Amino acid sequence: MSVRSSEMEAKWQERWYSARINEAERDERPKFMVIFAYPGVTGYLHVGHMRGYTYVDAIARYKRLEGYNVMFPVGTHATGNGAISLAARVSRGDRDTIEYLCGNSCPLDMLERLKDPIKVVEFFNDVYVNQYWKRFGFLSDWRRFTSTVNPDYQMFIRWQFRKLMERGLLIQKPYFAPACVSHGPVAIDASETDIQCGGCAETVEYTMLKFRCEDMYLMAATLRPETVFGQTNFWVNPQADYVKVRIGEEVWVVSDAAYEKLTYQKDGLEKLGSVKGDELIGLRCIAPMVHREILTLPADFCDPKVGTGLVTSVPSDSPDDWISLRALQRDEATLRRYGLDVEEVRAIRPIPIIEMKGWSTLPAVEITERMGIEAPGDPRLEEAKKLVYKEGFHTGRMIESSGEYAGLSVMEAKERMKQVMIEAGEADLMYDLSEEVICRCGEKVVIKKVDDQWFIDYANSDLTKASREQAKGMDIFPNDYLQNIHGVLEWFRERACVRQGNWIGTRFPFDEKWIIEAISDSTLYPLYYVISKYANEGSVRAEQMDERFFDLVVLDRGDYSQVSASTGVPEELLHHIRDDVHYWYPLDLNLGGKEHMTVHFPAFLMNHVAVLPREMLPRGIFVNWYIVGKGGKISKSKGGAQPIPGAAEQFGVDALRLYYAHIASPFADVEWDNEAVESYTARVEKMERTLLDLMALDGPASSVDDWLISRMASRVRRIRELMASYDLRSMANEVYFEAFNDLRWYQRRGGCHAETVTRVMDLLLPLMMPITPHMAEELWEASGRSGMVSITALPQIGEGEIDLTKERAEDYLRALMDDANEILKVTGIRPTRITLFTPAPWKYSVLETAMELAGRGELKVPALTKAVMSREEVRCKGKEASDFARKLAEEMMKRSAEGLGRMGRQFDELEFLRSCTDFLSREYGCTVEVHQAEEPDVNDPHHKSRQASPGRPAILVE
RNA sequence: GCGGGGGUAGCCAAGCUUGGCCAACGGCGCAGGACUUAAGAUUCUGUCCUUAGUGGUUCAAGGGUUCGAAUCCCUUCCCCCGCACCA
């Protein structure tokens, strides 16, 4: 795209914004409030992100056309550690980060400032608003911009949490979270803001099985508590150091390392003394659940750093256990060294416990054989374990050996058996990280018990029920999600809503040591856009927005004079804000990417339901899918990774907007493809040129004028229907492709009437405004219209403008030409004369009779034949007549009611074709004659005229 | 495993809810014609096979329902996404 285009875009944006048509103020009109789920401020966005945002602007613009007072606010979400992480990387001069910033044309002198997380947020807020959203010509009310770091926003969030507390939806219970042993809570994520290594670690829950052994318990940590029925022995690492620990009445034995971890998770641990691994070998202990006595045996694979450093042995399902057991059984020297009874150990056999499709009941034995694993310590054991575990977890089922659990799936059995053992005091839980994590300070990161973690109780059944009820009445797109969201709401459970540590966010109002986490502070926020304007313009300060303020303006609770006195906000302003809130809310549409389906949208809905009265609950959700790069993510090498301003420059904003709107259904991922985008650039240019050409026309009226007007008017009507479900793609198709083809056809048919063109522009330009607003304005102005198309109303269709018969006649002409082309193609004739025959009058009378019969539902071949053959003027045609009746009846019986309706829309074919002869002879470069079949003295050597039927003339080419 | 989505002509992609002008919108690509000194742009025509406008075979595969199915039902094969504390 040319510079001219960018200048043109800037020109119109400047006009829109200086005329403030984007600003939303309460008035008498019906309102429409729409948002997109604000993006997290984590860095530059790419062209894929603009898809959903563009939908929102196009929908907002369309709603303006329909006469709504539209509010389309934007904001950003800075909560979490994204900005902190980026600032940290800039601070430490991370090369990739600097390159990334500069590659996106971040000014060099910014780098120093970006060491401060808040500056990072401010910087990107500016980038998003100015380089993305304004660059795309969004009619968003910029005065309402807000960000989760703003103090006023945070006052709103604190209020929201007070309301959740009031409703009894905040609950406290223990929780296990990663923490540095010296710093406290840390974030573990791939960007490794807080940590040196281990960004991919996950928290894993081990079940500690208690094996009674004399006066103590050997504690075996396992991820597979459901395998207890397969236990055959117990593993101890003879080299490792273990400790005895008193906890309550019990004495546990765990590895040194495990003891340390447990001190963060269990209260009242008392270390009694150390014990070497080899001292624990050859003991007999009682296995939990099965209450069998088993033997403790030596195994090197027990890592004291993993779990408790003690392992229960299930050789049927654990490749490690099976290989170690077999090796030990063959190793008489070792057995003797530990004073073990050789025969007893050799008698140990795996016990089948789980059956799964395609496997024997001893999968560990099977997999090791298959993979040829022989010795303990084989690195492939890890892979073998994963494979068996995964298969078993998903498809496994417990067999008879598991007693009352027989028949349960592994998944179910795992949960149940774990619970039962915990309740019986035979097991406990411990948490660990899947890999080592080291804090920035160099200390270890462990899983620490948090006793007083706060949760939002999304499992609350009243809340769930009310939310589902609300969802039923909402406009939710796509339809599948409307079905699905009920399941999601049902499945949503308590969610930890606060964090400690290094996060950006709002302080939890009931305990300032907590920061409200990222999902929880972005659910009710659309409401805040109504109020943010007052904070941004300075008429209400953050500290004035206390609980009573929001109670009053949102919930109508409290007294104006009192709240005014206590907050210092003038009473009149309070009224004003209150009325704003109740005018704009509820939110009409919340649009967001598909990643929001399982978390954000349900939480958004449930928080609204929890806090607000029924009449303020949201009305719509729209989910959009992604623009992806070839083979998945958008990337530099595969296209689409270029900065948004660069793409705007290269392709043109209107072209990009049209691309997003039209390339595919919103509910499907699309692969970014430069060529495809370029074709939309070409399309925008073609459209513009075509319309400018039309505007230059100044000729006489002709028969196609009414056709074109009808066509456009029909499209306006259809678009109204389509846009009731925000079907931008179909609208784009109608305007930029279908209507475009109409315009070309009009010109081809010789249409050139200025007045018609004027009317067409009235109808068409507003419809172009939502998707290609800059071009629409440009053409609006070029056509001599005043004002801006962005603030016009959708055109009203005049009485009689839609004339379906005219449209049908033109379709008939096209079909005729298709037939003629077909004949010319097949025969290869270069025509010197084309003769068209309309059917003989009696054929119309047969059609009429057929329509009558069809209207009564009595159309059948014999019925029609009988009815028409009784008439003399038909009967005299003999077999030709009966054949025609048969074919017609067969044809018509295949039609839908709509199809029959079209057939019934009759017009004078003879006259119409005669009016087209000039056009047709121009098209075909030969003389064109029109006759009625059975007209005397017409050249028709092959009796082609007999083929004519109503709606389909016969053609003779020579 | 649970939940969800999908397989349409060379490619992308509509249609499927409410079965019937559906051989299947549209775009891209390709081929040919027109315009042009030429190129580009534009425009017209064609693009499953066959054919004086007909007929045949198609919408992952195989069954079924129906006068009639890309559309509804069943079975099979293949692909994708989500499963949480991450926005």
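Hydrogens, waters and symmetry mates are skipped; everything else that's a heavy atom, side chains included, is used. Note that this is a predicted model, so its numbers are computed, not measured. So that the names make sense, note that chain A is the first sequence line, chain B the second, and so on, each numbered from 1.
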Discussion item. Only pairs with both distances under 3.5 Å count, Watson-Crick or wobble alike; so what is the partner of B/A9 in this structure?
Written reply: none
Discussion item. Could you tell me how far apart A/Asn741 (CG) and B/C25 (P) are, to the nearest whole angstrom?
Written reply: 13 Å
Item to complete: Tell me which nucleotide among B/A84, B/U43, B/U45 gets nearest to the side chain of A/Arg748.
Response: B/U45
Worksheet item: Considering Watson-Crick and G-U wobble pairs with both distances under 3.5 Å, what does B/G82 pair with?
Response: B/C2
Worksheet entry | Nearest-nucleotide comparison on RNA chain B, the residue closer to the 5′ end among A/Glu494 and A/Ala820 | A/Ala820
Worksheet item: A/Pro602 near the nucleic acid: base, sugar-phosphate alone, or nothing, with a heavy-atom cut-off under 4.0 Å?
Response: nothing
Worksheet entry | Most 5' of A/Asp818 and A/Ile823 on RNA chain B, judged by nearest nucleotide | A/Asp818
Worksheet item: Of the nucleotides B/A52, B/A84, B/U43, which has the atom closest to the A/Phe492 side chain?
Response: B/A84
Practice prompt. Pick base, sugar-phosphate or nothing for A/Val957, based on heavy-atom distances below 4.0 Å to the nucleic acid.
Written response: base
Response to the item:
Against the side chain of A/His662, the closest entry in B/A87, B/G26, B/U45 is B/G26
Worksheet item: When we call it a touch if two heavy atoms are under 4.0 Å apart, what does A/Arg744 touch: a base, just sugar-phosphate, or nothing?
Response: sugar-phosphate
Practice prompt. Please determine, for the side chain of A/Arg689, which listed nucleotide (B/A14, B/U42, B/A87) has the closest atom?
Written response: B/U42
Item to complete: Kindly indicate whether the side chain of A/Glu822 and the base of B/U51 share any N or O donor-acceptor pair separated by less than 3.5 Å?
Response: yes
Practice prompt. May I ask you to check if A/Lys449 and A/Tyr175 form a cation-pi contact, with NZ or CZ under 6.0 angstrom from the six-membered ring centre and within 45° of the axis?
Written response: no
Worksheet item: Tell me: CZ of A/Arg952 to C1' of B/U54, nearest whole Å?
Response: 9 Å
Fill in: Shortest non-hydrogen separation from A/Leu813 to A/Trp745 and the atoms involved
CD2-CZ2, 3.8 Å
Worksheet item: Should B/A34 form a Watson-Crick or G-U wobble pair with both distances under 3.5 Å, which nucleotide is its partner?
Response: B/U42
Worksheet item: Regarding A/Lys173 and the six-membered ring of A/Phe455, is the cationic atom NZ or CZ under 6.0 Å from the ring centre and inside 45° of its axis?
Response: yes
Practice prompt. Measure the distance from CH2 on A/Trp745 to C1' on B/U43 and round it to the nearest whole Å.
Written response: 14 Å
Worksheet item: Are the ring of A/Trp491 and the base ring of B/A84 both nearer than 5.5 Å at their centres and tilted by less than 30°?
Response: yes
Worksheet entry | A/Tyr660 six-ring face occupied by A/Arg51 cation (under 6.0 Å, within 45°) | no
Discussion item. Only pairs with both distances under 3.5 Å count, Watson-Crick or wobble alike; so what is the partner of B/C21 in this structure?
Written reply: none
